[in-house]
S.K.: 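Below you'll find the structure I mean.
Chain identifiers are assigned alphabetically (A, B, ...) following the order of the sequence lines, protein sequences preceding nucleic acid strands; residue numbering begins at 1 within each chain. Keep in mind that the numbers below use all heavy atoms, side chains included, and drop hydrogens, waters and symmetry copies.
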2 protein chains.
Amino acid sequence: MNVLEKIVNSVANFSKSERKVAEVILANPQTTIHSSIAALAKMADVSEPTVNRFCRRLDTKGFPDFKLHLAQSLANGTPYVNRHVEEEDGPEAYTAKIFESTMAALDSARHNVDINAINRAVDVLTQAKKISFFGLGASASVAHDAQNKFFRFNVPVVCFDDIVMQRMSAINSAEGDVVVCISHTGRTKNLCDIAAIARENDATVIGVTAYDSPLARECTLVLSLDVPEDTDMYMPMASRVAQLVLIDILATGFTLRRGSKFRENLKKVKDSLRGSRFEKKDIPA
Amino acid sequence: MNVLEKIVNSVANFSKSERKVAEVILANPQTTIHSSIAALAKMADVSEPTVNRFCRRLDTKGFPDFKLHLAQSLANGTPYVNRHVEEEDGPEAYTAKIFESTMAALDSARHNVDINAINRAVDVLTQAKKISFFGLGASASVAHDAQNKFFRFNVPVVCFDDIVMQRMSAINSAEGDVVVCISHTGRTKNLCDIAAIARENDATVIGVTAYDSPLARECTLVLSLDVPEDTDMYMPMASRVAQLVLIDILATGFTLRRGSKFRENLKKVKDSLRGSRFEKKDIPA
DNA sequence: CGACTTATTGTAATTTAATTACAAATATGC
DNA sequence: GCATATTTGTAATTAAATTACAATAAGTCG
């Protein structure tokens, strides 16, 4: 596991001084791997043995071993950790933290997605007579986005963010229709109802939601995204980005399945937008 | 550059003993990073200073520094790159590629955002009498998302994805109002008009769009996101994710600026949603 | 509230590892 | 084949990390 993540995750078990060490390391990971234990101790304003104890607590053999692990974590260019935004953060700090948390979330999601489930979902979608995307609240915009994407495929696709419309649509669904329900928590009652109704009417229900949630239990097929935890700001952030990426993946799988001829069509759709846009001014060679 | 490659490439410049060291390292790189200089010297059947000289020849400061570089090379050195999806990619391949491209895009965006612009945007937003989010097509869902976020702040906020409504709204704007126009290319004619109209009516116009685009020129303040290029599938993918993250950042900046009292309110909004959800079953201690 | 216990942190000593300086050995050119 | 240059190793030195222990701070219970 990424050492940086490990530090963040086990910050609770740290003592006061150890936390100081953690902060300094998280702030300058790149510097850390080129510092001696003495230099780091000074930076964190603690004693050298404290740094050593800190390393041991993270299951490394000692400081040099810790640096090795740290170097490995930094190697893939990603010090992406889910760092929480703090009250006293300036624009620089919170901007960096949000970017990094989002990337960390994507990284985690990437390792946790069930490729088989994705493949089956693509199967189902390519064979759908009609596709509906339903989401409420923050997930509504994900549903909209999905509609926008699949609309380009010249497939019958609808999207509702209104429970009444969703309900009507679900009741009218039939065999061969696919309903995609999007909800991070999977605990939104209304959406669970919609999923149940759609299934009773023989539609295939794909859930983009948490594994083993009430919504998941109502679905034919679940695409779960394990995203660490959202940053403290009481609003969905990283989770929603992961959902979007999942939609991108489904859309991509869809176009690939449809073959190259189909993709030419896509290009036409894109080109058709040209009329509504200002031309890019030609740069003289 | 990858140290292992470097060893292979410069094997010509090595002396006999140095070559012995190189061989041992190439044969057991994983072991090497956990060995002392003495252990390695013994394995290669050379003296310790020879190992040290070997390290120096590879432009490292010494043996520990060399181990650090080696560790970095060994850590699955796949930095996130913008890999294009290919025709023959299976689910595994395109899933990985899309995740990685998105992360690469975010990484790039992170290094290119203008923190000052963000800070000023937050300034403007916190002082707004009314906030409007406008986007068309793929950017419409980003606008929706923004609305959802800022709505929680108990701020007058609207969002339209319909040019007629956008136009009416823009005409009715007044000093103190903030209009956020979202467009990846910044070349959507209709949206440029809206921006112009809003500005003529004394609203502050923030553009989430490409630098130096027609839309950018109509804005009071531009938040440009430099995202490499979208994957080949003829639809906006990474760019839109970057926009969403930018919205997250603005929303976060907003709440931080408003102070801790305000954030308690936010928690209340979140808690208010509880009634519409299934409770998480309590896990017995 | 104070004595006792436990946990945390730092100081100093010790050990270990890495580097340097120098000498021996090997190779290279004339 | 001798002189020079290069390579390699031995021993000494230095630097770094770790351990042992003492002091301080934080809890806990009477």
S.K.: Determine the minimum heavy-atom distance between A:A71 and B:L68, stating which atoms define it.
M.R.: CB-O, 4.1 Å
S.K.: Take the protein atom CZ of A:F54 and the nucleotide atom P of C:dT9, then report the distance between them rounded to whole Å.
M.R.: 13 Å
S.K.: Shortest non-hydrogen contact from B:F63 to B:I37?
M.R.: CE2-N, 3.3 Å
S.K.: Using heavy atoms to find the nearest nucleotide of DNA chain D for A:R53 and A:E48 separately, return the residue whose nucleotide is more 5′.
M.R.: A:E48
S.K.: Check whether A:T50 reaches the backbone of A:V46 with its side chain - one donor and one acceptor, N or O, closer than 3.5 Å.
M.R.: no
S.K.: Let's see if you can work this out: which of D:dA17, C:dT8, C:dT19 has an atom nearest to the side-chain heavy atoms of B:P64?
M.R.: C:dT19
S.K.: Can you check the B:I37 CD1 to C:dT20 C1' distance for me, whole Å?
M.R.: 12 Å
S.K.: A:L40 has an atom CG; how far is it from atom P of D:dA15, in whole Å?
M.R.: 20 Å
S.K.: With a 4.0 Å cutoff (strictly under), does any side-chain N or O of A:R56 reach OP1 or OP2 of D:dA17?
M.R.: no
S.K.: To the nearest Å, how far apart are B:H34 NE2 and C:dA17 P?
M.R.: 15 Å
S.K.: Out of C:dT19, C:dT11, C:dT20, which nucleotide sits closest to the side chain of B:P49?
M.R.: C:dT20
S.K.: Are A:S47 and C:dT9 close enough that a side-chain N or O sits under 4.0 Å from OP1 or OP2?
M.R.: no
S.K.: For A:F63 and C:dT15, give me the distance from atom CZ to atom C1', rounded to whole Å.
M.R.: 18 Å
S.K.: Rounded to the nearest 0.5 Å, how far apart are CZ of A:R57 and NZ of A:K6?
M.R.: 12.5 Å
S.K.: Could you state the NZ-P distance from A:K20 to C:dT8, rounded to the nearest angstrom?
M.R.: 15 Å
S.K.: Which of the following nucleotides, D:dA16, D:dA26, C:dA18, is nearest to the side chain of A:S36?
M.R.: D:dA16
S.K.: What are the two closest non-hydrogen atoms of B:V241 and B:L106, and how far apart are they?
M.R.: CG1-CD2, 4.1 Å
S.K.: Please report the distance, rounded to the nearest Å, between NZ in A:K42 and P in D:dA16.
M.R.: 13 Å
S.K.: Between D:dG9, C:dA18, C:dT9, which nucleotide has the shortest distance from any of its atoms to the side chain of B:T50?
M.R.: D:dG9
S.K.: Round to the nearest Å and state the distance from A:K67 atom NZ to C:dA17 atom C1'.
M.R.: 13 Å
S.K.: If you check every side-chain atom of B:V46, which of D:dT18, D:dG9, D:dA17 has the closest atom?
M.R.: D:dG9
